[in-house]
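Step one of this worksheet: look at the structure below.
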Amino acid sequence: MIRSTVARLIIRNTALVSTGVLAGAFTYARIAVSPTFRAVPMDVHLTFRVALMAMNAPFMQALMGLGAVTSIAFAFASDGRARIVAALAGLSALTSLLVTRFGNVPINERIKTWHIGSLPANYEAQLNRWETFHDIRTVAAVLAFILLLTAVELANRGARAGVAALSSERNVLENATN
């Protein structure tokens, strides 16, 4: 278990920020970017999607990994129910990463080869499949963030209970010596 308060705070805050940013980014993509792709001509869609992939790929996958690792580290730094819930948050963030890596990324690689005059016959099915994978990873990312918020609250409650117990013991000892 991680005992240093500073290390624990850094791990907790990094996990909260990384899972929160990830959940927000995927949710924004779901409610704003994906509908925009469907609203523009296919040549604009493909041009923008390929450019977006180039910018997002290294950042988003690193963010997913960071969220998974720091959530699991927070689980090791916690105990009781907070540990279990933080571990579930880490697994949810890892699910988001794995769905991206083995679901969205292979489709992205195919999309990079598409040309407007010669789209594959099943291009719409592939785009729909990409959306399904995106929905799954979005739910996993939002779940990771919610679980992590819950784990932090559980850890805080445990810490407050520990402080209250120590204070109560101190009061008993002080009263016994008076």
Side-chain angles (χ1 to χ4, degrees), residues 10-78 83-153:
I10 290 170
I11 290 167
R12 181 197 70 190
N13 291 345
T14 303
L16 282 169
V17 169
S18 59
T19 59
V21 169
L22 183 65
F26 280 161
T27 300
Y28 175 78
R30 184 69 193 108
I31 61 176
V33 177
S34 291
T36 303
F37 281 158
R38 290 189 295 278
V40 299
M42 187 53 72
D43 62 328
V44 174
H45 173 147
L46 291 177
T47 301
F48 183 71
R49 184 183 284 261
V50 170
L52 187 62
M53 284 187 263
M55 299 304 287
N56 278 350
F59 173 74
M60 292 303 289
Q61 289 187 47
L63 190 62
M64 287 179 258
L66 183 63
V69 168
T70 56
S71 294
I72 291 169
F74 185 66
F76 281 108
S78 302
R83 173 175 281 180
I84 294 166
V85 176
L88 291 172
L91 290 175
S92 291
L94 181 61
T95 298
S96 186
L97 175 62
L98 293 174
V99 167
T100 298
R101 184 66 197 100
F102 298 107
N104 297 90
V105 169
I107 296 170
N108 288 345
E109 293 304 314
R110 288 192 297 274
I111 290 172
K112 288 178 186 177
T113 67
W114 294 357
H115 300 285
I116 197 63
S118 60
L119 291 172
N122 68 342
Y123 80 93
E124 288 177 346
Q126 289 187 60
L127 292 175
N128 288 336
R129 185 173 167 93
W130 188 96
E131 290 288 337
T132 299
F133 286 129
H134 183 69
D135 289 344
I136 293 167
R137 71 183 182 173
T138 300
V139 168
V142 169
L143 181 61
F145 184 54
I146 291 169
L147 286 168
L148 196 58
L149 288 170
T150 303
V152 167
E153 177 58 25

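Scope of the values below: all heavy atoms of this structure, side chains included, with no hydrogens, waters or symmetry mates.
- Distance check: I107 CD1 to Y123 OH gives 15.5 Å after rounding to the nearest 0.5 Å.
- The side chain to side chain donor-acceptor pair (under 3.5 Å) check on N122 picks up Q126, with sequence neighbours excluded.
- Taking all atoms of both residues into account, the shortest heavy-atom contact from A151 to A86 is CB-N, 3.6 Å.
- Here the OG1 atom belonging to T95 is positioned 8.5 Å from the CG atom belonging to L143, to the nearest 0.5 angstrom.
- Nearest heavy atom pair, residue A75 against residue A87, reads CB-N, 3.5 Å.
- The backbone N or O of R110 lies less than 3.5 Å from a partner atom in the side chain of T113, making a donor-acceptor pair.
- Closest of all the heavy-atom pairs between F26 and H134 is O-NE2, 3.2 Å.
- When all heavy atoms are compared, the tightest approach of K112 to V50 is CA-CG2, 4.2 Å.
- From R83, atom CZ reaches atom CZ of F74 across 11.0 Å, with rounding to the nearest 0.5 Å.
- No option in I84, L88, V142 other than L88 meets the side chain to side chain contact (heavy atoms under 4.5 Å, CB included) test with L147.
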Side-chain atoms of residues 97-104: list all donor-acceptor pairs with protein atoms under 3.5 Å, sequence neighbours left out, distances to 0.1 Å.
residue, atom, partner, partner atom, Å
T100, OG1, S96, O, 2.8
T100, OG1, R137, NH1, 3.1
N104, ND2, W130, O, 3.2

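- Qualifying salt bridge (charged side-chain N to carboxylate O under 4.0 Å, His left out) partners for E124, counting only residues two or more places apart in sequence or in other chains: none.
- Rounding to the nearest 0.5 Å places CG of L127 at 4.0 Å from CH2 of W114.
- Rounding to the nearest 0.5 Å gives a distance of 7.0 Å between CG of L149 and OG1 of T19.
- Sorted pairs that involve residues 55-69 and meet side chain to side chain donor-acceptor pair (under 3.5 Å), not counting sequence neighbours, are lacking altogether.
- In this structure, the separation between OG1 on T70 and CZ on R12 is 12.0 Å, given to the nearest 0.5 Å.
- Within a 6.0 Å radius of CZ in R30, more than 12 heavy atoms belonging to other residues, nucleotides or ligands are found.
- Between A93 and G67, the closest heavy-atom pair is CB-C, 3.9 Å.
- Pairs engaging residues 39-49 under the side chain to side chain donor-acceptor pair (under 3.5 Å) rule: H45-R49 [sequence neighbours left out].
- Looking at I72 and L94, their side chains never come closer than 4.5 Å, going by heavy atoms from C-beta outward.
- Closest non-hydrogen pair, S71 versus A89, comes out as CB-C, 4.1 Å.
- F145 is linked by a ring pair (Phe, Tyr, Trp, His ring centres under 6.0 Å) to nothing, counting only residues two or more places apart in sequence or in another chain.
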